Amino acid sequence: MSISVSPPAKAHVITSDAEAIEVAKVLAARFAEEASVRDRDRRLPVPELDEFAASGLWGITVPKAYGGAGVSYVTVAEVIKIISAADSSLGQIPQNHLGVLDILLHTGSEAQKRYYYAKVLDGWRFGNAFSESKSKNVGAFQTRIRFEGEHAVIDGEKFYCTGALFAHIVPAVGVDEQNRAFIAFVERDNPGLTIIDSWDGFGQRTTASGGAVLDAVRVPLSAVIPAHKAFDEPTADGPISQIIQAAVDTGIAHGAFEQALIHARLARPWVDSQQEHGWQDPYTIAAIGDLQWRLHGADAILAKAGRAIDHALASPSEESVAEASVIVAQAKVLSTEIALLASSKLFELAGTRSVLGKHNLDRFWRNARTHTLHDPARWKYHLIGNRLLNGIQPPRHAWN
Amino acid sequence: MNSPAIVLPSQLAAAAHDVRLARQGLEQTVIFVREQARPWALSGLNKAVDDPYIIGKLGDLQIRIDVADALYQRAEQFIGSASETLVATAEAVIASAEALQAVGNVQQELTGSRPASPSQEGREPLRWQYQIIGNYRLNDVVPPQLQE
């Protein structure tokens, strides 16, 4: 299936953190209206994405020196959370776009930064062709990049390419003969690049996280950045990549919790409770209290992680990056827990009527279960415990 | 009935106390594991500090304590109505009590002893903190401490 990508609409340029939050709230209210229908029919959010990018939210992390607002990562996380509460597929789509903008900051040349940041402020969207499903693990890449004079040539096969279908530029990771990772900014219509709309997961259904085939894709050297350097040296790139994951999941938890409040109010009273209304049930009330404090806890740690990232960006060091990794890992664990819990408790508190197809409330659990698999939460407890017990700094890569 | 002006700080102080005890308990457990714990003979490990399940449990406790601390700070700095402030305090009380319980359980398992329980004097019952939060959020009911 091929999808034509509309050329970038001239984007608004957001100039402050407060404006970013306001814009996100307005957009989220609109995105919420048809989120359930898009999920049910797997209708890809084409006009919504155009509106999302045109709002300027895809450019808020462009540094001030390059004309952007250079907002705090507390704000970035809040924006992604707000959008994800309305539609978590839409919240996930800019995930790699934002990650790549940070890798560009750390590893691009001055000319490259000027060129690509200007494109982003103009409304261009970056997708990604990073992950591979056939390599030994997520950190291993089979896609190769060869340098030939003034050009680089990339060959390989990618999967989980969130956003690529709708992107104007598809940043693709390939490794050279020394197994060092580079990112090539491949334009969507570049010969040799094929994006496949093959994602049929049961959650995050409209992220179009399909595949990409790169068959002798040729780009000028000016379109290639040495991405490996973002991890050779301590940079905030790993934590930045991760906080966006945690923000999506925190957003799903908020969306599910709001529905739990609505549908628990509609539930019939249980016969043994001797109450008139379901919402008077003492156990239901306490269960809502339990969800609420956990949700606020996840919010609080997410914001703390944003501050730790701001600090690591301003003063990069082994220590500041490790600290950011640890706090982001906490946000990842807490957001995973509350997203799964809230989206499941929702049904318990609302009763059997809440599982009817017309409500499509299962989308929250399907989205939470799917998106939280990005990287396993069980290794976040390990990362945190190993630093505490053994003083071992978290390994630096895009998943920490 | 206590006036909220009295109730609120004492409940928050209890939360702070629990967070402090939880941190101490985790610290003592970490020291014990480093200095005295032995790996399980059949684990194939040479040192207890390499035990993946100990590492995971300690990481989990660190999360519980840090989230309790974050909710304590949130409650302490909270600006809002009396009801919202009291609900924020209830959230900090729960988070810190649960963190301390979790630390106690792991400390018991890994070291064979557990910290002394904090005095419950002057504390509102933990089980009703969930109700206060839930009834406010679900049903807009003002917390009982603030009702006439």
Side-chain angles (χ1 to χ4, degrees), chain A residues 257-258 260-265 267 277-305 307-308 326-327 329-338 349 377-392 394, chain B residues 26-27 29-34 37 47-75 78 87-99 106 110 126-141:
Chain A
F257 184 62
E258 287 306 316
L261 291 174
I262 293 167
H263 288 270
R265 291 274 311 181
H277 305 284
W279 47 264
Q280 296 168 319
D281 184 318
Y283 300 114
T284 295
I285 292 170
I288 292 288
D290 187 54
L291 292 176
Q292 176 67 91
W293 85 260
R294 293 177 190 282
L295 189 56
H296 279 151
D299 285 339
I301 295 295
L302 186 68
K304 185 180 171 190
R307 292 192 294 274
V326 164
I327 301 171
Q330 297 189 345
K332 161 86 184 178
V333 166
L334 293 165
S335 60
T336 296
E337 288 178 348
I338 187 61
L349 303 180
R378 61 189 177 275
W379 281 93
K380 299 302 183 233
Y381 303 92
H382 174 94
L383 176 159
I384 297 162
N386 212 19
R387 184 156 180 260
L388 172 70
L389 181 63
N390 296 318
I392 292 174
Chain B
L26 177 57
E27 212 169 294
T29 308
V30 164
I31 291 169
F32 183 95
V33 171
R34 282 192 197 133
K47 291 178 294 184
V49 292
D50 294 332
D51 185 327
Y53 306 112
I54 291 180
I55 292 171
K57 277 175 194 266
L58 297 179
D60 183 47
L61 294 181
Q62 180 79 65
I63 298 170
R64 306 305 145 197
I65 293 170
D66 285 351
V67 75
D69 200 358
L71 286 177
Y72 168 76
Q73 289 177 33
R74 176 175 178 270
F78 201 86
V87 165
T89 300
E91 294 181 15
V93 166
I94 292 173
S96 55
E98 288 201 2
V106 173
L110 298 182
L126 183 62
R127 61 193 175 277
W128 281 92
Q129 304 302 308
Y130 301 85
Q131 192 271 354
I132 290 166
I133 302 165
N135 216 12
Y136 179 70
R137 197 70 178 86
L138 184 64
N139 301 324
D140 275 330
V141 174

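Every heavy atom of this structure was used, including side-chain atoms; hydrogens, water molecules and symmetry mates were not. Residue numbering restarts at 1 for every chain, and letters A, B, ... go by the order of the sequence lines. What you see is a predicted model, and the numbers here were worked out from it, not measured in a lab.
Note: B:I63 CD1 to A:E337 CD = 7.0 Å, rounded to the nearest 0.5 Å. In this structure, CD1 on B:I132 lies 14.0 Å from CD on A:Q292, to the nearest 0.5 angstrom. Here the CD atom belonging to A:Q280 is positioned 10.5 Å from the CG atom belonging to B:L138, to the nearest 0.5 angstrom. Summarising the geometry, atom CD1 belonging to B:I55 is positioned 5.5 Å from atom CG belonging to A:N390; distances are rounded to the nearest 0.5 Å. Here B:L71 contributes atom CG and A:I301 contributes atom CD1; the two are 7.5 Å apart, rounded to the nearest 0.5 Å. Remark: B:Q129 CD to A:D290 CG distance equals 13.0 Å, nearest 0.5 Å.
Contact annotation: the side chain of B:R137 approaches that of A:L261 to within less than 4.5 Å [non-hydrogen atoms, C-beta and beyond]. Taking the side chain as every heavy atom from C-beta outward, B:Q62 and A:Q330 approach each other to under 4.5 Å. Using a 4.5 Å cut-off on side-chain heavy atoms (C-beta onward), A:I288 and B:I133 make no contact.
Taking a 6.0 Å sphere around NZ of A:K304, one finds it holds more than 12 heavy atoms contributed by other residues, nucleotides or ligands.
Nearest heavy atom pair, residue A:W293 against residue B:A95, reads CZ3-CB, 3.4 Å. Nearest approach of A:A286 to B:Y130, heavy atoms of both residues: O-CB, 3.7 Å.
Judged purely by distance below 3.5 Å, without hydrogens or angles, the side chains of A:R265 and B:N139 pair a donor atom with an acceptor atom.
Of all the listed residues (B:D66, B:L26, B:I54), the one sharing the greatest number of non-hydrogen pairs under 4.5 Å with chain A is B:D66. Comparing A:W379, A:F257, A:Y283 by how many heavy-atom pairs each has under 4.5 Å with chain B, the most go to A:F257. Among the candidates A:K380, A:H296, A:H382, the residue making the largest number of heavy-atom pairs closer than 4.5 Å to chain B is A:H296. Chain B forms more heavy-atom pairs under 4.5 Å with one residue of A:A264, A:A260, A:G289 than with any other, namely A:G289. Interface remark: of the candidates B:V87, B:L58, B:I31, B:L58 forms the most heavy-atom pairs closer than 4.5 Å to chain A. If you tally non-hydrogen atom pairs under 4.5 Å between each of A:N386, A:I262, A:L388 and chain B, the highest count goes to A:L388.
Neither the backbone nor the side chain of A:R387 comes within less than 4.5 Å of any heavy atom in chain B. Using a 4.5 Å cut-off between heavy atoms, B:E98 touches chain A through its side chain atoms alone.
Between the side chain of B:R74 and the main chain of A:A300, no donor-acceptor pair closer than 3.5 Å is present.
Looking at residues two or more places apart in sequence or on another chain, you find a side-chain hydrogen bond (donor to acceptor under 3.5 Å, both in side chains) between A:D299 and A:K81, A:H254.
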